[in-house]
Amino acid sequence: MKKKVLIGHPISDRRLKYLGSQFEITRIASIINKYDQILQLIDDHDALFAISHKVDRAIMEKASKLSLIANYGVGYDNIDTACAHEMGIAVANTPSTTSKPTAEHTFALILSVMRKTVSNDKLLRSGTKVDWSRPELLGHSLEGKTLGIIGMGRIGKEIARIAGVFGLEVVYHNRRRLHEQIESDLHARYVGLEELYGLSDIITIHTPLTAGTRNMVDKSAFQLMKNTAVLINTSRGAVVDEQGLIEALEKGEIASAGLDVFDAEPHIPDRMLALKNVVLTPHTGTGTHEAREAMFIEGWQNIVNYLSGKGSVSFVH
């Protein structure tokens with residue numbers, strides 16, 4: 001009897017054919033009420049391909065045969081991993097295919113904020129007569145600035161590699177310090193978190209959302225930052241105290257921010273939307289056709305390898 005896989009997103013017939021006939025595959029019908037559809041269908045499936053939806057205790061307790069949750073994406077805070085561990089259900093993610101596109105988007109935000117790309121674009125489109133020599137149109141160069149990286153996993157390392165091209169000095173903070181040779185290769189210097197806040201002209205966040213990192217970048221952190229500092233977040237919105245960030249931007253405690261993630265997505269506070277010193281994007285760190293296709297393939301390969309017992313799986317630890 002074939003093992004059964006539930007795909008938690010409506011996929012095309014073309015993609016379904018690509019997956020082959022090794023497993024019996026069920027796909028949900030639409031993006032409306034995804035959670036309810038998954039809860040209704042999950043019972044006799046061996047694996048769940050979790051694509052942008054919550055996987056909680058209710059789903060796992062309903063799934064009598066479930067042995068693997070394969071997440072589409074590197075972040076897995078949508079999955080109750082403690083419950084999965086308790087119930088003996090493996091959890092996998094897609095770290096290999098998300099690093100480069102997320103790093104690219106991080107630098108897109110850095111450049112947009114530092115060079116005032118978005119605000120200048122809006123000004124030209126407004127029809128206002130623009131004096132092109134106005135000093136307020138000027139941004140800042142990256143060369144010679146200090147980039148502080150919070151979280152030095154795959155994405156953080158990719159950020160550090162790119163940073164050298166722009167002539168940025170790199171400091172970083174991580175739960176565990178990297179090996180000396182890796183630091184040397186990346187031209188990155190380890191510092192304490194408070195020191196990073198004080199040293200950095202640009203701070204970029206690449207840590208997962210956990211109980212320990214929720215609201216980690218809080219009001220006290222903003223007070224330690226330079227008033228010229230730029231904060232970039234492409235990790236998870238709840239790592240930053242969102243109301244504290246809004247206040248810091250309103251008061252000029254920091255200069256500006258580039259945000260791809262928010263605390264209660266898709267909701268963005270009106271006060272945030274009103275700020276002129278923020279560039280906002282809708283959680284598109286991996287938002288390229290190529291990246292999304294690669295993520296799907298990596299996630300599916302995790303399922304194939306796990307259920308067949310052959311090949312490696314990107315387990316979440």
Side-chain angles (χ1 to χ4, degrees), residues 77 106-107 109-116 118-119 136 138-153 155-156 159-160 163 166 168-177 188-265 267-281 285:
D77 49 287
T106 298
F107 271 93
L109 287 172
I110 290 172
L111 288 165
S112 295
V113 173
M114 294 288 283
R115 297 303 302 268
K116 296 190 175 181
V118 175
S119 58
E136 58 265 36
L138 301 179
H140 292 278
S141 298
L142 271 63
E143 187 172 11
K145 300 293 190 300
T146 297
L147 174 67
I149 303 174
I150 300 175
M152 206 60 148
I155 296 170
I159 294 290
F166 289 98
L168 287 158
E169 301 291 330
V170 176
V171 296
Y172 79 95
H173 183 77
N174 199 48
R175 183 176 54 177
R176 296 185 183 88
R177 184 171 180 175
R189 179 165 64 91
Y190 178 83
V191 295
L193 191 55
E194 291 189 357
E195 186 178 0
L196 182 146
Y197 290 144
L199 285 173
S200 302
D201 300 294
I202 306 162
I203 296 166
T204 181
I205 303 169
H206 302 287
T207 185
L209 177 61
T210 65
T213 63
R214 183 175 293 275
N215 289 331
M216 178 179 71
V217 185
D218 58 11
K219 292 182 180 181
S220 63
F222 299 125
Q223 291 169 359
L224 293 171
M225 295 178 193
K226 301 176 182 180
N227 59 14
T228 55
V230 170
L231 180 72
I232 306 294
N233 190 6
T234 57
S235 61
R236 287 293 184 267
V239 173
V240 176
D241 174 355
E242 195 165 73
Q243 292 305 310
L245 172 59
I246 291 170
E247 290 176 14
L249 289 164
E250 289 175 338
K251 294 176 181 177
E253 290 180 347
I254 66 172
S256 51
L259 307 174
D260 187 49
V261 289
F262 308 91
D263 193 1
E265 295 176 6
H267 172 72
I268 302 173
D270 290 340
R271 285 170 64 196
M272 180 76 79
L273 294 171
L275 290 168
K276 294 182 179 180
N277 53 345
V278 182
V279 174
L280 310 174
T281 55

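Position 1 is the first residue of the sequence, and the numbers go up from there.
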Seminar exercise, completed: In short, Ile159 meets Phe107 closest at the heavy-atom pair O-CE1, 3.7 Å
Exercise. Tell me, do Leu224 and Glu195 make a side-chain contact under 4.5 Å, heavy atoms counted?
Worked result: no
Exercise. Can you tell if the side chain of Leu259 reaches within under 4.5 Å of the side chain of Met272, non-hydrogen atoms only?
Worked result: yes
Problem set entry | Note, Val217 side chain near Asp241 side chain (heavy atom, < 4.5 Å) | no
Problem set entry | Under 3.5 Å donor-acceptor, Asn277 side chain and Ala255 backbone | yes
Exercise. Do side-chain atoms of Lys116 reach the backbone of Ser112 as a donor and acceptor pair under 3.5 angstrom?
Worked result: no
Exercise. Do Ile202 and Ile232 have side-chain heavy atoms sitting under 4.5 Å apart?
Worked result: yes
Problem set entry | Side chains of Thr146 and Ser200, donor plus acceptor under 3.5 Å | no
Exercise. Are Lys219 and Glu247 close enough for a salt bridge, meaning some N to O gap below 4.0 Å?
Worked result: yes
Exercise. At what distance, to the nearest 0.5 angstrom, does CG of Leu280 lie from CG of Leu273?
Worked result: 6.5 Å
Problem set entry | Test item: Ile150 and Tyr197 side chains (from C-beta on) under 4.5 Å apart, heavy atoms | yes
For this session: Quick one: do Val261 and Ile205 satisfy side chain to side chain contact (heavy atoms under 4.5 Å, CB included)? Show the steps, please.
Result: CA-CA 11 Å; Val261 289; Ile205 303 169; over 6 Å; no
Problem set entry | Ion pair Asp77/Arg236, N-O distance below 4.0 Å | yes
For this session: Assess whether ring-ring contact (aromatic ring centres under 6.0 Å, His included) is satisfied between His267 and Phe262, documenting all intermediate values.
Result: CA-CA 8 Å; His267 172 72; Phe262 308 91; 9.6 Å; no
Exercise. Is a donor on one side and an acceptor on the other found under 3.5 Å between the side chain of Thr210 and the backbone of Thr213?
Worked result: yes
Exercise. Just by distance, do the side chain of Asp218 and the backbone of Ala221 share a donor-acceptor pair under 3.5 Å?
Worked result: yes
Problem set entry | Stepwise side chain to side chain contact (heavy atoms under 4.5 Å, CB included) test for His206 and Thr106 | CA-CA 10 Å; His206 302 287; Thr106 298; 3.4 Å; yes
Problem set entry | From CG (Leu111) to CZ (Phe166), nearest 0.5 Å | 5.0 Å
Problem set entry | Approximate separation, where rounding is to 0.5 Å, of Asn233 CG and Thr207 OG1 | 10.0 Å
Exercise. Are any non-hydrogen side-chain atoms of Asp263 and Gln243 less than 4.5 angstrom apart?
Worked result: no
For this session: Take Ile254 and Asn227 through the test side chain to side chain contact (heavy atoms under 4.5 Å, CB included) and record every step on the way to the result.
Result: CA-CA 4 Å; Ile254 66 172; Asn227 59 14; over 6 Å; no
Exercise. Taking side chain as C-beta onward, heavy atoms only, is Leu199 less than 4.5 Å from Arg189?
Worked result: yes
Seminar exercise, completed: Shortest non-hydrogen pair, Ser256 vs Val113, comes out as OG-CG1, 3.0 Å
Exercise. To the nearest 0.5 Å, what is the distance between CG (Leu109) and CG (Leu231)?
Worked result: 10.5 Å
Problem set entry | Glu143, CD atom: more than 12 neighbouring heavy atoms under 6.0 Å | no
Exercise. Within the distance-only criterion (no hydrogens, no angle test), does the side chain of Asn174 pair as donor or acceptor with the backbone N or O of Met152 below 3.5 angstrom?
Worked result: yes
For this session: Please lay out, stage by stage, how Val230 and Ile203 fare under the test side chain to side chain contact (heavy atoms under 4.5 Å, CB included).
Result: CA-CA 6 Å; Val230 170; Ile203 296 166; over 6 Å; no
Exercise. Between Arg271 and Glu250, which heavy-atom pair has the shortest distance, and what is it?
Worked result: NH2-OE1, 2.7 Å
Problem set entry | Rounded distance (nearest 0.5 Å) linking atom CD of Glu253 with atom CG of Leu245 | 10.0 Å
For this session: May I ask you to test the Leu249-Phe222 pair for a side-chain heavy-atom distance under 4.5 Å?
Result: no
